[in-house]
Every structure is written in C-alpha cells, then in structure tokens.
Amino acid sequence: MLATRNPDGPPRPGRRRRLLAVAGLAAALVAPASPAGAAPPPQAASGTTAQAAAGGSSQAARGTAPATAAAVSGIAPAAAVSGIAPAAAADGFASVSALGQNGTTGGAGGPVVTVTTTAQFLDHIARPGPYVIQVAGTITLPTGANDGMWNVASDKTIVGLGDDATLSGGGLNIGLPVDDDVTSPPANAVHNIIIRNLHLTGATDDLINVQMFSHHIWIDHNEFSNGDDGAVDIKRGSDFVTVSWNHFHDHDKTLLLGHDEDAGPQDIGRLRVTYHHNFFDRSDQRNPRVRFSALAHVYNNHYNDNSYGVASTYDAAVLMENNYFYSVNNPGRVDFSGDLGRIVERGNILVACNHPIETRGTVPDPRAYYPYTLDPAASVPTIVPAGAGPGKTTTPATSALATSALVAPAAAGPDGFAAVNALGQNGTTGGAGGPTVTATNAADFLEHIDTVGPLVIQVTGRIAITSKQGVRPNKTIVGVGNAEITGGGLDFYRSYNVIVRNINFTNAEDDAINVGQNSHHIWIDHNRFSGAVDGSVDIVRGADYVTVSWNHFDHADKSMLIGHSDGSASTDVGRLKVSIHHNFFDNSRQRHPRVRFGEPVHVYNNYFLGNALYGVASTENAGVLVEGNYFRDVPYPMWSASGYADSGPGRAVQRHNVYVGSGTPETNGTVVEPRTYYPYTLDPAADVPALVLAGAGTGRI
C-alpha cells in the first residue's frame, strides 16, 4: 500500500515560501540578459504513526563567433565549485550576440501577464511582441489537429510561478512550419524565447520542439517527463540555444539535435547548443543525440542510469567536459547509426559504466563564443540534483531557506551520541591538541593513523590502500580538497575518540569504515561513500557513542549495518547507540541502517531517495527512532514488527516523516528517547531534500 501524502511530488511550500520564489523570479525577469560521559536513565518514546511533516553568474557574450575556431585539446583545470545558484540571464550559446539578436532576453520590456487557463496561455504565447507570461497552476494543452504542439511567437518569456506550474498533455513548438527547401535563416525566423521553471509532462509528441532556424532560445530549470517523443528536440537550422539546469526523468528520447541524416543543407554550420548542469535521471537515450552540429557543448551534467549519454554522428562536433556518469552503458559514442561524429572529452568521471567515452577528431573551442566556468566533475552529483528543475531559480540567499541553512555547518565538534560524555570520554575531540600532519601517499597515511597519541591528519590527493587499516585512538582524519581513500578502508578495533571528515571513500574491497570491538566516540561526517564491496559504514561488536552525519551514500549497496549478527546479543545489548542524521542515501539499496540489538539508534533528517530494497530495518529487539526524514520512491521505508530476512522483530517508532511515492512504514513498540542522552533540533522534513542535497558530502565543511 502506498502512502497517499502528496504522491506526485514533495510537499508544496507555504504561502511565504511561494511568495519569495515569485519575488525572486520577478526580479530575474526584469533584468535583460547581459550581452557582453555517563548516560542518565532512559525514557520511552511513544509509538505514534503520524506521517505529517514537522513543525553561474551571467556570462557576457563576445559577439558573433568567427567562422573558424581553435581546436580543443588537453585537459582544462577544474574551477572552484560555483554552487547551485543559477544565472539570472542566459549563458552559453543563448547569450551570444548573433543573427541580429543581442543575446536572449525573452519578453523583457513587454507586459507581464499571469495565466491560469488553457485559453489564456494559448492566446498569449501566440501574440506578436514581447510578453512575460507567468504560468500559475496546471495548464492542460489539448491535442487538437496539431498533435498537441502549440506555436510560441518570438520575444516571449514563459515562466512558472512557484514550484508546481505545469504544462500537461501537449508541447511547445518554437519555429516556422517545416520547409526542406529553406536552407538559410528567413527574416521571420522565431527567436528570443525563454522557458523556465515549468513541469512539462505527458505530451503526445515532443515536450518542446525547436525548428526551422529558430535562434536564441534559453530552456532553463524545467522538469521533463513522460513525453511520447522528444523532451527537447532542436533541429532544422536552429541555432544559439542553451539548455541548462533541467531535470529529465521517466522519458525515453530526451534530446535530439539535428533532425535526420538528410538535413545537412539546413544544419551544417548551425545547431550550436550548450547543455550544462542538467540531470539525466534514468532518461534512457539521446542525452543528446547529435547530427551535423557546428558545436554542442556538454558540460557539468549528471548522468544516472542511462542506456547512452551522448552520441555524435554525421561529423557533429561535441565537447564533453566535467560531466559525471553513473551506470551509463555508453557514456559517449561517435560510431552510432550513421556517419561518424567527433567528440573531445576531458575531465569527465565515469562510475560503473560499461564502456569509455569514444573520441575522434577536434572540435571548436566554446570560449571563442562565450566565457564559462567549470565545476569539478566530482561535485556534479551533489550540485546538479540540488539545483536542477523547477523551484530553484532563485539563489539560496533569496529562497525560503536561509543561506546558512542550505550549507552544512562547519561544526567545531560533533553532535548526537558522539558528543555524549561517557566511558571516560568527554565527547569526541579527535586529534585536537596534537600536531597537524599531511598525508599525500599511502605510506605516510598508514604511518600516521598508526601513531600513538593525538594527531590531526590532513589527507590530500588519492590514497590507494588494499584492505582495512587500523586507526589508533585520538585522531582526526580530514580531507583537504578532493581527497580520496580507495581500494581499502578504515578499521576501528578498541579505538576511541576519532573523527573522519571530508573524504571520498571509493571501491573498498570490504567495508569502507568498520567501527567494531568496543570502539566508541567516533564521528563520521561529510564524507562520500561509493562502490564498497561490503558495508559503507558498519558499526558492530559492542561499539558505542557514534554519530554518522552529513554523508553522501552514492549508489551504495549495503550502506550501514549496526549489530554484526543475530548471535551478537552478549556484546551488543545495551550498546550500539548511534545518531544518523542529514545523510543522503542516494539510490543506495539497503541498510540505512539495518539494526540489531542497539538502542536507541536515532535516524533523523536524512534524505532517502530510490532505495530499492528498504530504508530502515529494526530487528532483534533493537530500538530505532526514525523522525523528520524524507522518503522518496522507497517501497519499504521501515521494517520492524516483521523482522527482516532471518532476523527477529525489532522496535521502531516513526514520527514527522514525509513519504512520497513510498510504501507505508512498519512500526512496533516504544523506543528510548534520544533526548535522554543529548539535545537536538529537528529540521522540518519537507525541507530535508534541499538541506541535504546542498550540505551532504565532501567539500562542505
């Protein structure tokens, strides 16, 4: 049985949040594009089952590009993370001054109207002259005689109000009727159109079609799903287009650039398109599929579970840089159903992909047309889901959540159980008071973690080890920059007072972190875990007073085990007190956590997304409190009364969680209140996706 709480998406914001979003949009619309311790006795939590929620900058154009641009080669250095704040005006090819158009300004300078009905919408998009058309609510586009494709006239901004404005059932056509005999831009070509902040879904043809030499089009911060044909097709001589910060999901043929193999007379020397910071979220193919393009610039996009990413054919020129590909069969192809294309790739990250990116030839340099700044590819899986799609067209400073709430706290020390005074330890201080050393290679790193006494170990670069390595007490292990530990992991055996922060853990041959054998006061914070053969973080065999906070579990399998086995009662009962908060369980399959015997295990303010097997499992009489979390697309959010696998039932209380597209949580019994041990403040569950996406993982302390 599925929970019915707002099954079509996250809870809608309150009136104040919606007004702030509208105000931010209005400000963007009027600005035209710029061209140029011992524990006290426990208390019990009641078993409530309530499911309600608690409580790049503008880039100046450089004029028309030269006919011949320099060839791209080599690897560009990674730039600083720019974060999720979007441009207030078009960037990329849509910002270029060309074809008599000074960048893309849409309807700026024209009347601002708000439409709430189909008739109003269709009337205004077809009118001549500039208009800013604000869409409120859902507009259903009829199929009619044109298969549901409705023409948009030049000089229009079509922008959704709030985060739920929707165009459903039909699509937008930007361009004159098809005429194969026209091989150069006509004087009346459709141009200067902005489409932002909309959900487009359920079209009987394309969701957006750009054709017949249309130019200067900016498609930004939209969500595309369930169209019968293309999501955004750009073809037949169209030019100077930017597709940015969009979320594509539940769609097959996503982006077509170049109509077919016979369209060369219209397309050669044109089809210049920038695709950046888009989230290709299980969109199967054409991300994009390119023919003839003079330059398709594909950068800083996040690809998740696609058949293929980019296909370049018929001598199209494609530059792919600093994208992140996860579980993509073919990230980039030049040999694909037609004459060979050209691809230059640099700075991309491929994880769990079956093939490398195919490359061939040289391509023009986009900087001959416009300036741009790259985000590091390693930051893309966090930046793009946090910033792509509707409802995100204002910067964090002007959104409903304060900027300080959208970034991870640079805490001086831990919270949760790791902060409790117990077992002779006054909270968790790590290596404070000891010397600070830097490890740049495996030998130095292994020597430092095996040193007796307090030590702050700064990790830089990539540390390759082959197995779990023991960490002595009183250590802080903190990454500097994009630090990585790969191939092995960290092992805590009767260790205590250790902090691990800001590390990318990849491809561990067993566990990435194992906290065992009565280890205590461990703080695991702001790390990323990917590709461990066994657990990402296991807390077992009498371990106690642990906090796991603000981590990104990136497509992991077994994320977190608490309690080694059903036969571990003698070591675990009365221990395994763990706080788990503000983590991003990002399409990780199971164990978020899977608990035996521990109590209380406090799971709060985490974002559970697409967890195929389950979210939280309480077994063997464990006591787990699950509160203020956001579950999206999790078929089994919680197991308890039924046990799990061969383990007997546990106890679980849930309160103030949000369930979207998820099953009903299973609860059982009562649980010791965490406030018996420490104070804490819950964030509203409805805000958790934004908070966690902006704050969890590396690079945020």
Side-chain angles (χ1 to χ4, degrees), residues 56-57 75-87 91-92 220-221 242-249 254-255 274-283 287-288 296-306 309-310 318-328 331-332 345-353 357 366 372-389 392 396 406-408 479 481-484 502 504-506 526-531 551-556 584 586-588 607 609-610 689-690 692-700:
S57 63
I75 298 178
V81 178
S82 68
I84 65 172
D91 53 10
D220 177 77
H221 278 93
T242 296
V243 180
S244 56
W245 293 101
N246 300 287
H247 183 191
F248 299 92
H249 66 92
T254 309
L255 304 171
T274 304
Y275 301 95
H276 73 83
H277 292 93
N278 298 289
F279 185 15
F280 298 111
D281 182 11
R282 295 185 176 90
S283 52
N287 303 290
H297 187 198
V298 182
Y299 73 91
N300 281 153
N301 300 284
H302 182 28
Y303 292 82
N304 175 46
D305 196 13
N306 318 104
V310 179
V318 179
L319 174 60
M320 298 170 59
E321 53 182 346
N322 284 33
N323 301 285
Y324 190 102
F325 295 86
Y326 177 84
S327 188
V328 180
E345 74 91 11
R346 59 193 188 193
N348 300 286
I349 292 178
L350 280 61
V351 177
C353 297
I357 297 173
Y372 64 98
T373 300
L374 289 170
D375 288 310
S379 299
V380 163
T382 301
I383 291 171
V384 169
K392 301 167 184 176
L406 279 173
V407 295
N482 196 31
E484 178 183 9
N502 205 47
N504 290 286
F505 290 90
T506 62
H526 281 95
N527 305 287
R528 173 175 163 263
F529 298 92
S530 177
N551 300 285
H552 181 187
F553 294 85
D554 186 357
H555 295 80
F584 181 22
D586 177 12
N587 290 276
S588 44
Y607 183 23
L609 175 65
V692 169
L693 287 171
T698 57
R700 288 166 168 76

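All values below come from the heavy atoms of this structure, side chains included, with hydrogens, waters and symmetry mates left out. Since the model is a prediction, treat every value here as computed from it, not as a measurement.
Taking all atoms of both residues into account, the shortest heavy-atom contact from Y324 to A377 is CD1-O, 3.5 Å. In terms of heavy atoms, N551 sits closest to H526 at OD1-N, 3.3 Å. Here the closest non-hydrogen pair linking S530 and V351 is OG-CG1, 4.4 Å. Heavy atoms only, all atoms of each residue included: T698 and R528 are closest at CG2-N, 3.9 Å. Taking all atoms of both residues into account, the shortest heavy-atom contact from N304 to N587 is ND2-ND2, 4.4 Å. Closest heavy-atom contact between A352 and Y326: CB-CE1, 4.1 Å.
At a cut-off of 3.5 Å, with distance as the only test, no side-chain donor of N322 or D375 sits close to an acceptor on the other residue.
Of the possible polar contacts, none joining the T274 side chain to the H297 backbone as a donor-acceptor pair under 3.5 Å is found. A donor-acceptor pair is defined here as one N or O able to donate and one able to accept, closer than 3.5 Å; such a pair exists between the side chain of N502 and the backbone of G479.
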(request) Tell me, with the steps shown, if R346 and L374 meet side-chain contact (heavy atoms from CB on, under 4.5 Å). (result) CA-CA 11 Å; R346 59 193 188 193; L374 289 170; 5.6 Å; no
(request) Could you walk me through whether V384 and N301 pass the side-chain contact (heavy atoms from CB on, under 4.5 Å) test, one step at a time? (result) CA-CA 7 Å; V384 169; N301 300 284; over 6 Å; no
(request) Determine, stepwise, if the pair I383 / W245 fulfils side-chain contact (heavy atoms from CB on, under 4.5 Å). (result) CA-CA 10 Å; I383 291 171; W245 293 101; 3.7 Å; yes
(request) Decide yes or no on side-chain contact (heavy atoms from CB on, under 4.5 Å) for F248 and N287, but give the supporting numbers first. (result) CA-CA 9 Å; F248 299 92; N287 303 290; 5.6 Å; no
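With N278 as reference, N246 is the one residue of N323, N246, D220 to meet the side chain to side chain donor-acceptor pair (under 3.5 Å) rule.
Considering only heavy atoms from C-beta on, I357 comes within 4.5 Å of L350 through its side chain. At a threshold of 4.5 Å between non-hydrogen side-chain atoms, the residues T382 and R700 count as touching. Put simply, the side chain of V310 does not reach to within 4.5 Å of the side chain of E345, judged on heavy atoms. Using a 4.5 Å cut-off on side-chain heavy atoms (C-beta onward), P331 and N348 make no contact. For the pair P288 and T254, the minimum side-chain heavy-atom distance is 4.5 Å or more.
Using the six-membered ring where Trp is involved, Y299 and H277 have ring planes that are perpendicular, over 60° apart on the 30 and 60° scheme. Aromatic ring pairs are classed by plane angle as parallel below 30°, tilted from 30° to 60° and perpendicular above 60°; the pair H302 and F279 is parallel.
Ring centers of Y372 and H276: at least 6.0 Å apart, outside the cut-off.
Here CZ of F280 is found 13.0 Å from NE2 of H249. Values are rounded to the nearest 0.5 Å. One distance of note links OH of Y607 with NE2 of H552; it measures 10.5 Å at 0.5 Å rounding. Atoms CG and CZ, from N504 and F529 in turn, are 9.5 Å apart once rounded to the nearest 0.5 Å.
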